[in-house]
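Worksheet for the structure shown next.
Note that the structure is predicted; figures quoted are calculated from it, not measured. Numbering of ligands and ligand atoms starts at 1, following listing order.
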Amino acid sequence: MDAYEQITRNVSEVVTEAEVRALADSPDGKRAYVGYEPSGVLHIGHMLTANKLIELQEAGFEVVVLLADVHAYLNGKGTFAEIRETATRMQEQFVAYGLEESQTEFVLGSRYQLDEEYILDLHALELETSLSRAERAMAEIAGGDTATVAQAVYPLMQALDIVYLDVDLAIGGMEQRKVHMLARDTLPSIDADSPTCLHTPLIADLTTGVGKMSTSTGVSISMEDSEAEIEEKVNDAYCPPTADPDPTDEGEERENPVLQIFEYHVFPRFGEVVVERPEQYGGDLSYELYQNLEDDLESGELHPADAKGALATYLNELIAPGREKIRERTE
Ligand code: NAL
């Protein structure tokens, strides 16, 4: 696999291909980052972008994790003191998950976001941006259905952070794409470069395959889950024998979340997957490529129940170190 393929593996969108190719040509010392609102324990959505950061560390990038405390506050996630405490816990969970501590710079947003120079740059972006554009950028991120002034400031700060953290490559889930497009369009107005971006896919709702998995609605998987909870959630997951299920009767698109988790979580971290089966059902199956597992599910060679059993085992292994950290903290 060449460097460009490695960097863009499993991503939904590359902005732009030429810019990412230029980074791939000389990744050493280049900085990639993801920002996270500290809002509880690590869940499977955080873990998906973290997988990309781990891959980028392996490709030679420096990795920056922004613990976006001020953003979480603007998005109504709690008091400032609570959010700060959560940020510390999340940092520990990211390291437990596999981000190499010596190669990761963890930055608390409030460390620089309250400086005079930053605030004046923020106001300059406010002058350049219509309220409707800021609101549209936040549609997939904001909680609640009433847009607040705080939520309009939020994407402008996210844009500015890309400049202040001196980042070469901004990474986020597809729900961040409109914020990144806003950043690309408005940062030149303060003489900053437009950021290069990678957007990772969103995993569908676990029980229906419709829409996206969310911690606020529906079932999600997090580092707090016990082994039994993981098994139960995966067992109840929607998993027809295809990667491309028919739409619902209402015409909503559907995905196979079990296959998505294999593709975006299990294969990137484990490289190889073994599905254990008793000899009477054909014995163990082993896969080095996600595509072969998908093909076997479609052909009937791999039964959904066996796929789910293996998925629960691998997810538990990914979550175990973080779960242990959380246990230490609550003892
Ligand atoms: C991501 C978030 C907040 C601030 C950021 C600043 C720079 C780059 C990325 C950032 C969190 C993200 C979320 N908007 O929805 O969790």
Original post:
Which side chain to side chain donor-acceptor pair (under 3.5 Å) pairs, counting each pair once, include a residue from residues 277-289, with sequence neighbours left out?
Top reply: Tyr287-Asp296

**OP:** Take atom CD of Glu100 as the centre, draw a 6.0 Å sphere, and report whether it contains more than 12 heavy atoms from other residues, nucleotides or ligands.
**Re:** yes

**OP:** Name all pairs fulfilling the salt bridge (Lys or Arg N to Asp or Glu O under 4.0 Å) condition that reach into residues 236-251, sequence neighbours left out, sorted by first residue then second.
**Re:** none

Subject >> CA sep, side-chain torsions, deciding dist, call: Ile221, His43, side chain to side chain contact (heavy atoms under 4.5 Å, CB included) >> reply: CA-CA 6 Å; Ile221 288 170; His43 59 64; over 6 Å; no

Original post:
Just wondering, more than 12 heavy atoms not from Glu276 lying within 6.0 Å of its CD?
Top reply: no

Original post:
Which pairs, with at least one residue in residues 315-331 and sequence neighbours excluded, count as a salt bridge (Lys or Arg N to Asp or Glu O under 4.0 Å)?
Top reply: Glu92-Arg329, Glu324-Arg327, Lys325-Glu328

**OP:** Write down, by chain and number, every protein residue that brings a non-hydrogen atom to less than 4.0 Å from an atom of ligand 1.
**Re:** Tyr33, Gly35, Glu37, Leu66, Ala68, His71, Ile141, Tyr154, Gln158, Asp161, Gln176

